[in-house]
Amino acid sequence: MNRFLKCAVLSSVLPLSLLSYEIDFSKTFTKKLIPDILNSDIKLVVELDSEKKVSSKLEKFNNYIKDMNYVEKNLGTFNIRPRYKYKSNTPHIDGYIGEIKYGIESNDPKKISKFINGLIDLKNHRDTSIIVSNLSWKVKDTSANIAIDLLRYESITWIEKYAKNLSTDLKKKCEVKNINIHSLQNSYYRGSEVMYSAKSSDTSISVPQQTAKNIKMSVNYKLECK
């Protein structure tokens with residue numbers, strides 16, 4: 001039997017008449033991609049007794065982040081809120097907490113490390129914490145879209161060859177009636193994850209390994225043979 005016939009997983013064969021029938025089955029196509037963008041979430045937390053002091057220190061970090069143009073940046077939040085302490089069940093302001101959140105990314109892990117180490121160099125008191133989370137590799141959107149298009153093309157040419165060979169094996173005319181494509185894009189976006197809290201002078205940044213990820217496309221086919 002032809003190899004195209006052997007590799008298909010038949011889920012149902014529906015008779016249409018004594019001389020014709022429909023065949024429904026599915027197949028998954030896979031392509032490996034190397035993630036090419038390292039991204040991370042950066043959060044800075046400042047705790048001081050004065051709102052003005054918190055604002056001044058946050059602005060120092062924010063100016064540094066804005067000036068570092070060798071990485072891509074997306075501002076998440078910038079806020080300052082009171083910190084309360086309860087005395088006799090009554091809340092009293094005991095200081096202020098300020099936060100800055102940014103998303104950063106680059107195709108060069110050395111630039112990410114340089115950026116983070118620069119932030120740590122600015123942190124000279126225990127009143128400031130720097131948290132690096134979701135440090136992971138992802139596939140660039142343009143690369144992913146090209147891979148999806150290639151898989152789509154592969155799934156169409158494959159079923160055309162399969163129908164031709166099936167017709168020869170069964171000595172019938174088998175035609176493609178329907179192709180339903182489901183791309184599983186989320187299979188390649190997640191990489192390993194590291195959380196780093198810079199509350200000391202330790203500047204060691206652990207970069208996750210850059211390993212190949214699979215992008216998968218599940219396709220349902222319907223053929224009619226008569």
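The shown structure was predicted, so the numbers you read here are calculated from the model rather than taken from an experiment.
Looking at every heavy atom in both residues, Tyr84 comes nearest to Pro91 through CD2-CB, 4.1 Å. For the residue pair Ser26 and Asn220, the shortest heavy atom distance occurs at CB-ND2, 3.3 Å. Residues Leu75 and Thr77 approach most closely at CD1-O, 3.8 Å, considering heavy atoms. Nearest heavy-atom pair, Lys213 versus Pro35, reported as atom, atom and distance to 0.1 Å: CG-CG, 3.5 Å. Residue Trp137 comes nearest to Gln209 through the heavy atom pair CD1-O, 3.6 Å, listed as atom of the first residue, atom of the second, then distance. Ile181 and Val219 get closest at one heavy-atom pair: CG1-CG1, 4.0 Å.
Looking at heavy atoms from C-beta onward, Arg83 lies out of side-chain contact with Ile93 at the 4.5 angstrom threshold. Taking the side chain as every heavy atom from C-beta outward, Asn214 and Lys31 never approach each other to under 4.5 Å. In this structure the side chain of Lys43 reaches within 4.5 angstrom of the side chain of Glu99, judged on heavy atoms. Looking only at side-chain heavy atoms (C-beta outward), Asp49 and Tyr96 stay at 4.5 Å or farther from each other.
Counting only residues at least two apart or in different chains, disulfide bond (SG atoms under 2.5 Å apart) contacts with residues 101-155 are absent. Listed by first then second residue, pairs satisfying disulfide bond (SG atoms under 2.5 Å apart) with a partner in residues 150-183 read Cys174-Cys225, not counting sequence neighbours.
Relative to the ring axis of Tyr162, Lys164 does not place its NZ or CZ within 45° and under 6.0 Å from the centre. Figure legend: Lys114 and Tyr70 shown as a cation-pi pair, the cationic atom lying under 6.0 angstrom from the six-membered ring centre and within 45 degrees of its axis.
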Begin with the C-alpha distance, continue with both residues' side-chain angles, and end with the deciding distance and a verdict on salt bridge (charged side-chain N to carboxylate O under 4.0 Å, His left out) for Lys173 and Glu224. CA-CA 8 Å; Lys173 183 179 180 181; Glu224 181 182 349; over 6 Å; no
Trace of the side-chain contact (heavy atoms from CB on, under 4.5 Å) decision for Val139 with Ile37: CA-CA 6 Å; Val139 177; Ile37 296 293; over 6 Å; no
Using side-chain contact (heavy atoms from CB on, under 4.5 Å), reason through Asp127 and Lys57 one step at a time and then give a plain yes or no. CA-CA 10 Å; Asp127 53 38; Lys57 181 157 285 193; 3.1 Å; yes
Starting from the C-alpha separation in whole Å, work towards a yes-or-no answer on salt bridge (charged side-chain N to carboxylate O under 4.0 Å, His left out) for Glu175 and Lys177. CA-CA 6 Å; Glu175 296 181 334; Lys177 303 297 291 184; 5.1 Å; no
Is there a side-chain contact (heavy atoms from CB on, under 4.5 Å) between Tyr153 and Thr157 once you walk through the steps? CA-CA 6 Å; Tyr153 175 79; Thr157 56; 3.5 Å; yes
Between Tyr102 and Asn62, is a side-chain hydrogen bond (donor to acceptor under 3.5 Å, both in side chains) present by the stated rule, with each step listed? CA-CA 10 Å; Tyr102 268 92; Asn62 199 44; 2.7 Å; yes
Checking Leu119 against Ile65 for the side-chain contact (heavy atoms from CB on, under 4.5 Å) test, could you report, in this order, the C-alpha distance in whole Å, the side-chain angles of both residues, the deciding distance, and whether it holds? CA-CA 8 Å; Leu119 286 175; Ile65 293 172; 3.9 Å; yes
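Glu51 contributes atom CD, which lies 12.5 Å from atom OG of Ser56 (distance to the nearest 0.5 angstrom). The distance from the CD atom of Glu105 to the CG atom of Asn74 is 7.0 Å, given to the nearest 0.5 Å. Phe29 CZ to Glu154 CD: the interatomic distance, rounded to the nearest 0.5 Å, is 5.5 Å. Between the CD1 atom in Ile100 and the CD1 atom in Ile80 there is a gap of 8.5 Å [rounded to 0.5 Å]. With rounding to the nearest 0.5 angstrom, the OG atom of Ser155 is 6.5 Å from the CD1 atom of Ile179. Going from atom OG1 of Thr128 over to atom CZ of Phe61 covers 4.5 Å, rounded to the nearest 0.5 Å.
Residue Tyr21 is grouped with residue Leu223 when hydrophobic side chains (ILVMFWY) are merged at heavy-atom distances under 4.5 angstrom, including chains of intermediate members. Linking ILVMFWY side-chain heavy atoms closer than 4.5 Å, directly or via other members, places Ile34 and Leu38 in two distinct hydrophobic clusters. A single hydrophobic cluster is seen to contain both Tyr64 and Ile130, as judged by linkage of ILVMFWY side chains at heavy-atom distances under 4.5 Å, directly or through other members. Linking ILVMFWY residues whenever their side-chain heavy atoms come closer than 4.5 Å, directly or via other members, leaves Phe115 and Val45 in distinct clusters. Under a hydrophobic-cluster definition in which Ile, Leu, Val, Met, Phe, Trp and Tyr are linked whenever side-chain heavy atoms come within less than 4.5 Å, directly or via other members, Leu48 and Ile97 are assigned to different clusters.
Classified by interplanar angle (parallel below 30°, tilted 30° to 60°, perpendicular above 60°), the ring pair Phe25/Tyr221 is tilted.
With hydrogens and angles ignored, the 3.5 Å screen pairs a side-chain donor or acceptor of Ser50 with a backbone N or O of Lys52. Without hydrogens or angle criteria, Asn39 side chain to Ser136 main chain gives a donor-acceptor distance under 3.5 Å.
Using modelled atom types, one finds a donor on one side chain and an acceptor on the other under 3.5 Å when comparing Asn134 with Asp41.
The neighbour count for Lys53 NZ, taken as heavy atoms of other residues, nucleotides or ligands under 6.0 Å away, does not exceed 12.
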